[in-house]
Amino acid sequence: MIFEYAAAPESRSVVKIDPVYGHFINGKWVNGSSHFNSINPATEEVLSQIALGTAADVDAAVKAARNAFDKSWSKLSGRERGKYLFRIARIMQERAREFAVLETLDNGKPIRESRDVDVPLSAAHFFYHAGWADKLEYAGVDTTTAPHGVVGQIIPWNFPLLMLAWKVAPALATGNTVVLKPAETTSLTALLFAQVCQQAGLPDGVVNIVTGDGSTGSAIVNHPGIDKIAFTGSTEVGKLIARAVAPTNKSLTLELGGKGANIVFGDAAIDETVEGIVNGIFFNQGHVCCAGSRLILQESIADEVLEKLKRRMDKIRVGDPLDKNTDLGAINSAEQLAKIRELTAAGEAEGAGRWSANCELPTNGFWFAPTIFTGVTQAHRIAREEIFGPVLSVLTFRTPAEAIEKANNTPFGLSAGIWSEKGSNILWATQQLRAGVIWANTFNKFDPASPFGGYKESGWGREGGRHGLSAYLKGSAK
Ligand code: NAI
Ligand code: MG
């Protein structure tokens with residue numbers, strides 16, 4: 001007998017979405033001059049109209065941030081700054097449900113993830129950094145403890161609130177003020193966060209949020225009044241930003257793409273490993289920079305792992321992101337879906353074997369079934385390019401040296417995973433892998449105390465932990 005899950009939708013009545021939003025500048029709402037839609041990618045319903053920030057809007061936000069830095073924020077003791085951060089963290093916890101439902105509506109990710117991962121981790125980042133605010137002298141940073149001043153922050157759409165927290169919490173803890181731009185498809189939780197800043201009584205101008213697209217981001221990057229840029233997004237835009245910032249005195253951190261290798265040795269515990277593979281690539285629809293998107297299997301266990309993996313993938317529940325049973329939600333945008341389709345078509349054309357889970361996809365909205373490609377070679381585009389979707393490329397190896405050679409054969413270097421029951425195997429492999437984060441017998445585990453960042457085209461600098469604090473202090477490398 002097969003039991004089916006009854007629908008268990010989370011109520012959306014907890015959120016109030018305005019029909020039109022402006023920018024949040026100097027503690028006030030400022031009307032935008034033109035607007036674009038933010039839609040729910042699971043239904044294509046228009047949720048709200050978001051202001052398209054102009055260079056003038058960015059200029060007003062930078063002036064407000066400078067004024068707040070000079071007049072209020074830089075004059076406060078670390079202890080006082082910490083109080084504001086603690087207050088923000090507590091309000092985020094109190095309003096957690098509102099944040100989770102709004103994130104799911106605007107982004108398409110399952111409520112189970114926004115509720116259990118995005119929102120609690122966002123609050124945790126504020127709590128963690130609140131604790132550092134009055135202890136910077138003891139943090140052992142390799143920089144001064146003086147803030148840069150005004151920081152411009154540009155974030156992507158895959159973890160909208162969490163990436164805001166990764167950026168805003170360390171900036172404020174170290175005494176900087178902020179101009180932040182959320183991604184164009186997912187501005188709503190940043191705008192709710194602006195309300196939290198007001199609720200926390202944060203001095204005007206310490207956090208400014210200007211919504212918009214790449215042109216707005218570019219206005220932030222090129223504004224002469226900004227002292228540091230922090231960016232998370234595509235490697236392509238990261239390179240543009242690096243070029244724009246190179247001839248200036250601005251500091252820069254970049255957190256870019258990845259093509260994480262998830263290596264399974266012959267002695268791994270297979271059932272656990274299969275769960276880890278699923279979590280590594282299907283968490284957040286695979287819209288994860290550190291996703292384990294290249295599975296590198298030892299030949300001796302490859303058939304068994306693939307058979308169990310396919311059986312497990314057929315059980316992934318795809319559909320309504322607000323349903324508490326849903327595992328895999330909607331693809332964030334039509335553009336991203338087109339990119340996934342283009343790369344998977346290339347995978348087939350280049351001769352890899354495609355297999356997709358047997359699931360029914362909703363008719364409205366943007367959806368992609370969990371998919372794996374076997375027989376992938378290192379030359380295939382699906383082995384080299386970031387797909388940023390629920391698509392796994394499977395390669396095999398015979399010797400450990402071959403596994404490492406394949407894992408490192410990428411322009412990226414953000415994350416890697418190792419599955420083995422043998423500690424010495426794990427220690428040996430971690431020393432050979434060129435990746436900023438390496439998980440052993442687990443995947444996609446995040447903690448504010450743990451620095452995160454990449455090598456090569458995955459970016460510059462680290463976020464989180466003590467290393468992440470240095471990036472917001474004068475004397476940082478770039
Ligand atoms: P994107 O890099 O264009 O967007 C990220 C942010 O940068 C957004 O806020 C965007 O408005 C802003 N932006 C765009 N052009 C800019 C410019 N010239 N100057 C300053 N800011 C600019 O990423 P997109 O187009 O949304 O996604 C394309 C691909 O990038 C994805 O398919 C994925 O492979 C990768 N990506 C990787 C992310 C990661 O976390 N590593 C996050 C988002 C995308
Ligand atoms: Mg949206």
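Below, all heavy atoms of this structure are taken into account, side chains as well, without hydrogens, waters or symmetry copies. Keep in mind that this is a model prediction, so the values were computed, not measured. Whatever order the structure lists ligands and atoms in, that order sets their numbers, starting from 1.
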NZ/NE/NH1/NH2 to OD/OE distance under 4.0 Å, Arg434 and Glu457: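 No, Arg434 and Glu457 are not salt-bridged.
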
- prompt: Is the closest basic N to carboxylate O distance between Asp327 and Arg112 below 4.0 Å?
  reply: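 Looking at Arg112 together with Asp327, the answer is yes, because their closest N to O distance falls below 4.0 Å.
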
message: For a quick test of reading the model, state the closest non-hydrogen atom pair linking Thr232 to Glu463 and the distance between them.
response: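 In terms of heavy atoms, the two residues are closest at OG1-OE1, 3.9 Å.
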
Specify the protein heavy atom at minimum distance from [atom]: its residue, its atom name, and the distance to 0.1 Å.
atom	result
atom 40 (O) of ligand 1	Cys289 CB, 3.4 Å
atom 29 (C) of ligand 1	Lys339 NZ, 3.8 Å
atom 18 (N) of ligand 1	Leu240 CD1, 3.9 Å
atom 16 (C) of ligand 1	Val237 CG1, 3.4 Å
atom 19 (N) of ligand 1	Ser218 N, 3.5 Å
atom 27 (O) of ligand 1	Trp157 NE1, 4.0 Å
atom 13 (N) of ligand 1	Gly214 CA, 3.7 Å
atom 44 (C) of ligand 1	Phe388 CE2, 3.9 Å

[X], any N or O under 3.5 Å of ligand 1 N or O:
X	answer
Leu256	yes
Thr232	no
Ile155	yes

query: Less than 4.0 Å between atom 4 (O) of ligand 1 and some protein heavy atom, yes or no?
result: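 No; the ligand atom in question lacks any protein heavy-atom contact below 4.0 Å.
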
- prompt: Any protein heavy atom lying closer than 4.0 Å to atom 25 (O) of ligand 1?
  reply: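 For atom 25 (O) of ligand 1 the answer is no, since every protein heavy atom stays at 4.0 Å or beyond.
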
Number the atoms of ligand 1 from 1 as they appear, then name those within less than 4.0 Å of a heavy atom of [X], with their elements.
X	result
Ala183	9 (O)
Gly217	19 (N), 20 (C), 21 (N)
Phe231	2 (O), 6 (C), 7 (O)
Pro156	42 (C), 43 (C)
Gly257	41 (N)

message: Tell me whether the NZ or CZ atom of Lys228 lies within the 45° cone about the ring axis of Tyr472 and under 6.0 Å from its centre.
response: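 Here Lys228 passes the 6.0 Å and 45° test against Tyr472.
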
- prompt: For Tyr455, is the NZ or CZ atom of Arg462 found under 6.0 angstrom from the centre of its six-membered ring and inside 45 degrees of the ring axis?
  reply: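 Pair Arg462/Tyr455 counts as cation-pi.
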
field: ligand 1-proximal atoms of Ile154, by part, heavy-atom distance under 4.0 Å
entry: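 Looking at Ile154 and ligand 1, just side chain atoms fall under 4.0 Å.
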
query: Are Phe452 and Trp166 close enough, and set up right, to give a ring-ring contact (aromatic ring centres under 6.0 Å, His included), and what steps lead you there?
result: CA-CA 10 Å; Phe452 183 93; Trp166 278 32; 5.1 Å; yes

message: Measuring from non-hydrogen atoms of Phe159 to any atom of ligand 1, is the shortest distance under 4.0 Å?
response: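 Distance cut 4.0 Å: Phe159 fails for ligand 1.
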
message: Out of Glu386, Glu184, Met163, Gln336, who is nearest to atom 10 (C) of ligand 1 when you count heavy atoms only?
response: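 The option holding the nearest heavy atom is Glu184.
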
task: Between Gly454, Ser234, Ala338, flag the one that comes closest to atom 23 (O) of ligand 1 by a heavy atom.
output: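 Nearest option to atom 23 (O) of ligand 1, by heavy atoms: Ser234.
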
Asn262 versus Trp419, side-chain donor and acceptor atoms under 3.5 Å: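 There is such a pair between these side chains.
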
- prompt: Any side-chain donor paired with an acceptor under 3.5 Å for Asn408 and Gln432?
  reply: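 Distance-only check fails for Asn408 and Gln432.
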
query: Going by the angle between their ring planes, with limits at 30° and 60°, are Tyr84 and Trp73 parallel, tilted or perpendicular?
result: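 The rings of Tyr84 and Trp73 sit tilted, inter-plane angle from 30° to 60°.
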
Geometric class of the Phe283/Phe159 ring pair [parallel <30°, tilted 30-60°, perpendicular >60°]: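 Tilted, since the angle between the ring planes falls between 30° and 60°.
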
- prompt: So, do Phe443 and Trp439 have ring centers that fall under 6.0 Å from each other?
  reply: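 Judged by ring-centre distance (under 6.0 Å), Phe443 and Trp439 do meet the cut-off.
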
- prompt: Would a line drawn from the ring center of Phe126 to the ring center of Phe193 be shorter than 6.0 Å?
  reply: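 Centroid distance Phe126-Phe193: below 6.0 Å, so yes.
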
task: Determine the sole option in Glu348, Glu342, Glu386 for which the salt bridge (Lys or Arg N to Asp or Glu O under 4.0 Å) test with Arg381 is passed.
output: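 Considering Glu348, Glu342, Glu386, a salt bridge (Lys or Arg N to Asp or Glu O under 4.0 Å) with Arg381 is found only for Glu342.
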
